[in-house]
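Have a look at the structure below before the remarks.
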Amino acid sequence: MKIGILYPRSKAHPGIMFDFIEGIKAALGHFQKNNTAQLISETIGYGGVEKEVYEKAEKLLIIEGVDVLVAFLDLRILELIKPLFFASGRLILIVNPGANYPENWIPQPNILNLSLQHGFLCWLTGKQAASKNITNSVMASTFYDCGYLHTAAMVKAFVNSGGHISFNYINNQRYDDAFEIKQLTDFLISDKESNGLLCIFDSLPASLFYLCLRNYAEARNLHLFVSPMMLEEKALEPLKAGFDFSIAGYLPWHISLENNANQDFIKSYQQKTNKQPTIFSLLGWESGLILHQVFLSSAENYADGIQIVGNLAGKSINSPRGVLNLDTETNYFTAPVYSCVVSQQSGVLSIEQIEFPEQEWKSFVANSTEGVSSGWTNTYLCY
């Protein structure tokens with residue numbers, strides 16, 4: 001099998017392209033001892049320029065003649081190049097963190113979607129905030145993060161469950177020692193009833209945000225409901241000395257999970273790379289797991305992407321985060337989720353696995369964005 005890979009670059013997460021491709025290689029090496037797959041890769045920059053992405057995809061599909069294309073890119077760009085992917089007839093696996101979600105969930109028959117479910121997890125977090133009797137909440141984010149639909153998911157779930165957004169705080173500062181949140185704290189001082197914070201930050205600004213909030217005198221009255229990147233180890237670093245507010249949210253995966261598939265993943269990846277795996281390594285490893293299933297189910301006939309998708313329907317894939325299943329109504333892979341709270345004494349995560357909440361997923365899909373919406377075309381985390 002000849003596998004084409006489109007991968008992004010990122011200044012914020014410079015290891016993303018290495019971790020993703022190394023994850024694919026580690027999985028194929030682990031599950032296919034006599035692996036004869038040929039990998040051909042092309043970078044798409046930040047993944048936000050249609051012409052660049054289209055030309056790289058066209059090169060892999062037509063000039064290189066790949067059997068399968070694995071494309072780490074965002075949905076806003078995907079919509080523009082879907083005609084090329086459909087015309088190719090090949091199996092296309094779209095990979096991303098899932099911060100965006102489609103306005104139209106109708107699946108393309110030869111396109112599969114693998115994500116970290118960030119939009120869905122933010123939806124669950126918004127509902128969680130409302131269930132904790134948080135009536136008035138601030139929406140806090142950054143100039144970059146708020147340009148993706150995971151913000152809309154969190155807010156819609158909160159408001160639909162009876163909550164009210166009393167203030168929108170969008171930080172547009174550089175992520176350095178000058179980072180401050182005075183505009184936010186000034187509002188919180190003036191409005192004592194807004195004790196909830198719906199927060200969406202990448203890991204680096206999250207760490208700066210937490211550090212500033214630790215120094216806020218009234219922080220003990222605040223309840224934070226946060227996006228997945230705010231629960232990353234790098235984000236939580238400033239909280240190891242303790243803090244006064246509460247933090248809750250959802251993760252797609254954590255390195256500490258004790259299931260056998262996660263232990264195999266960590267061991268194999270470390271042996272291959274001499275590094276700890278990341279969420280990008282996980283996406284690469286899971287892409288490799290799906291490619292392995294393609295090998296097993298296609299009898300070396302890789303030309304018909306629609307048939308391959310049909311072969312994968314109904315198959316469960318044992319992933320480090322739990323069982324992946326293909327939702328044939330959307331062609332998205334679904335997985336268990338992990339409810340998290342952060343210890344106020346040590347900054348350590350407490351994690352509870354929740355089997356995939358199918359009814360909440362159906363509700364999330366049914367509440368797709370309507371009307372005109374704007375936002376970044378860059379693949380999320382690539383800036």
Original post:
Counting only N and O atoms by type, is there a donor-acceptor contact under 3.5 Å from the side chain of Asn318 to the main-chain atoms of Leu324?
Top reply: no
Original post:
Heavy-atom count around Lys267 NZ within 6.0 Å, excluding the residue itself: above 12?
Top reply: no
Original post:
For Thr278, does its backbone N or O pair with a side-chain atom of Tyr269 as donor and acceptor, under 3.5 Å?
Top reply: no
Original post:
So do the side chains of Thr135 and Glu193 get within less than 4.5 Å of each other, counting heavy atoms only?
Top reply: no
**OP:** Taking all non-hydrogen atoms of both residues into account, name the closest pair between Gln344 and Phe245 and its distance.
**Re:** NE2-O, 2.8 Å
Subject >> Which atom of Asn221 lies closest to which atom of Asn195, heavy atoms considered >> reply: O-CB, 3.4 Å
Original post:
What heavy-atom pair brings Asn110 and Gly89 nearest, and what distance separates the two atoms?
Top reply: ND2-C, 4.0 Å
Original post:
With side chains defined as the heavy atoms from C-beta onward, is the minimum distance between Pro357 and Leu124 less than 4.5 Å?
Top reply: yes
Original post:
Does Glu55 pair with Lys59 as a salt bridge, N-O distance under 4.0 Å?
Top reply: no
Original post:
Are Met139 and Phe158 co-members of a hydrophobic cluster defined by side-chain heavy atoms under 4.5 Å apart?
Top reply: yes
**OP:** Determine whether Ile279 and Leu289 fall in the same hydrophobic cluster, where Ile, Leu, Val, Met, Phe, Trp and Tyr are linked whenever their side-chain heavy atoms lie under 4.5 Å apart.
**Re:** yes
Original post:
Are Trp376 and Phe143 close enough that their ring centres sit under 6.0 Å apart?
Top reply: yes
**OP:** Check whether more than 12 heavy atoms from other residues, nucleotides or ligands sit under 6.0 Å from atom CZ of Phe295, and answer yes or no.
**Re:** yes
Original post:
Are Leu75 and Ile92 joined in one hydrophobic group, where the rule is that I, L, V, M, F, W and Y side chains link up if heavy atoms are under 4.5 Å apart?
Top reply: yes
Original post:
Strictly under 6.0 Å, is that where the ring centroids of Trp253 and Tyr338 end up?
Top reply: no
Subject >> Heavy-atom donor-acceptor pair, Lys2 side chain to Glu64 backbone, under 3.5 Å >> reply: yes
Original post:
Is a side-chain N or O of Gln108 found less than 3.5 angstrom from the main chain of Phe85, in a donor-acceptor match?
Top reply: no
Original post:
Hey, is the main chain of Asn262 close enough, under 3.5 Å, to the side chain of Asn259 for a donor-acceptor pair?
Top reply: yes
Original post:
Atom CG in Leu6, atom CG in Leu60: separation rounded to 0.5 Å?
Top reply: 5.5 Å
Subject >> Asp74 side chain to Tyr380 backbone, donor-acceptor under 3.5 Å >> reply: yes
Original post:
Checking Asn100 side chain against Leu149 main chain: does a donor-acceptor pair fall under 3.5 Å?
Top reply: yes
**OP:** Nearest 0.5 Å please: distance from the OG atom of Ser141 over to the CE atom of Met154.
**Re:** 9.0 Å
Original post:
Would you call Ile290 and Leu93 a side-chain contact if the rule is heavy atoms closer than 4.5 Å?
Top reply: yes
Original post:
Would you say the side chains of Ser207 and Glu237 form a donor-acceptor pair under 3.5 Å?
Top reply: no
**OP:** Apply side chain to side chain contact (heavy atoms under 4.5 Å, CB included) to the pair Tyr216 and Ile189, showing each step before the final yes or no.
**Re:** CA-CA 10 Å; Tyr216 172 52; Ile189 290 170; 3.7 Å; yes
**OP:** Indicate the atoms forming the closest heavy-atom contact of Asp145 with Thr151, along with that distance.
**Re:** O-OG1, 3.7 Å
Original post:
Would a line drawn from the ring center of Trp285 to the ring center of Phe31 be shorter than 6.0 Å?
Top reply: yes
**OP:** Check the surroundings of atom CD in Glu329: do more than 12 heavy atoms from other residues, nucleotides or ligands lie under 6.0 Å from it?
**Re:** no
Original post:
Should the heavy atoms of other residues, nucleotides or ligands under 6.0 Å from CG of Asn260 be counted, would the total exceed 12?
Top reply: no
Subject >> Minimum-distance pair of heavy atoms, taken over all atoms of Ala206 and Met230 >> reply: CB-CG, 3.8 Å
Subject >> 4.5 Å side-chain heavy-atom contact, Phe243 and Leu213 >> reply: no
Original post:
Given the rule that I, L, V, M, F, W and Y join up when any side-chain heavy atoms are under 4.5 Å apart, are Ile81 and Tyr46 in one cluster?
Top reply: no
**OP:** Under the side chain to side chain contact (heavy atoms under 4.5 Å, CB included) rule, what do Lys275 and Gln270 come out as? Steps first, then yes or no, please.
**Re:** CA-CA 5 Å; Lys275 297 189 302 184; Gln270 287 177 333; over 6 Å; no
Original post:
Around Asp176, counting heavy atoms of other residues, nucleotides and ligands shown, do more than 12 lie under 6.0 Å from its CG?
Top reply: yes
Original post:
Quick one: CG on Asp202 to CG on Leu208, what's the gap to the nearest 0.5 Å?
Top reply: 11.0 Å
Original post:
Does any non-hydrogen side-chain atom of Phe333 lie less than 4.5 Å from one of Asn325?
Top reply: no
Original post:
Does the side chain of Glu180 pick up a donor-acceptor pair with the side chain of Gln173 at under 3.5 Å?
Top reply: yes
Original post:
Around Asn133, counting heavy atoms of other residues, nucleotides and ligands shown, do more than 12 lie under 6.0 Å from its CG?
Top reply: no
**OP:** Please confirm whether Phe20 and Phe72 have ring centers closer than 6.0 angstrom.
**Re:** yes
**OP:** Please round to the nearest 0.5 Å and tell me the distance separating atom OH of Tyr101 and atom OH of Tyr332.
**Re:** 11.0 Å
Original post:
When you measure from the side chain of Lys234 to the backbone N and O of Leu204, does any donor-acceptor pair fall under 3.5 Å?
Top reply: no
**OP:** Using the rule that two of Ile, Leu, Val, Met, Phe, Trp, Tyr join whenever any of their side-chain heavy atoms come within less than 4.5 Å, decide whether Ile24 and Ile266 are in one cluster.
**Re:** yes
**OP:** Would you check if the side chain of Ser10 reaches a backbone N or O of Leu381 as a donor-acceptor pair within less than 3.5 Å?
**Re:** yes
Subject >> Over 12 non-hydrogen atoms of neighbours within 6.0 angstrom of CD in Gln271 >> reply: yes
Original post:
Are His13 and Phe280 an aromatic pair by the rule of ring centers under 6.0 Å?
Top reply: yes
**OP:** Keeping the roles fixed (side chain from Asp327, backbone from Asn331), state whether a donor-acceptor pair exists under 3.5 Å.
**Re:** no
Original post:
Got a second to check how far Ser281's OG is from Lys272's NZ, nearest 0.5 Å?
Top reply: 13.0 Å
**OP:** State whether the number of non-hydrogen atoms from other residues, nucleotides or ligands found under 6.0 Å of Lys25 atom NZ is greater than 12.
**Re:** no
Subject >> Nearest heavy atoms of Lys315 and Ser297, plus distance in Å >> reply: CE-CB, 4.0 Å
**OP:** List the steps, then state whether side-chain hydrogen bond (donor to acceptor under 3.5 Å, both in side chains) holds for Glu286 with Ser319.
**Re:** CA-CA 7 Å; Glu286 290 183 335; Ser319 157; 2.4 Å; yes
Subject >> Heavy-atom check, side chain of Ile5 versus side chain of Ile40, under 4.5 Å >> reply: no
Subject >> Non-hydrogen side-chain atoms of His150 and Trp123 separated by less than 4.5 Å >> reply: no
Subject >> Within the 6.0 Å centroid threshold, strictly below: Phe187 and Phe167 >> reply: yes
Original post:
How many angstroms lie between atom CD of Gln183 and atom CG of Asn172, to the nearest 0.5 angstrom?
Top reply: 8.5 Å
Identify every side-chain donor-acceptor pair in residues 299-308 under 3.5 Å, counting partners at least two apart or on other chains, and give the distances.
| from | atom 1 | to | atom 2 | distance (Å) |
| --- | --- | --- | --- | --- |
| Asp304 | OD1 | Ile306 | N | 3.1 |
| Asp304 | OD1 | Gln307 | N | 3.1 |
| Gln307 | NE2 | Asn311 | OD1 | 3.0 |

Subject >> Min side-chain heavy-atom separation Ile165-Leu198 under 4.5 Å >> reply: yes
**OP:** Go through the steps for Leu291 and Leu28 under the test side chain to side chain contact (heavy atoms under 4.5 Å, CB included), then give the verdict.
**Re:** CA-CA 8 Å; Leu291 291 169; Leu28 292 177; 4.2 Å; yes
Original post:
Is the distance between the ring centroids of Phe209 and Phe179 under 6.0 Å?
Top reply: no
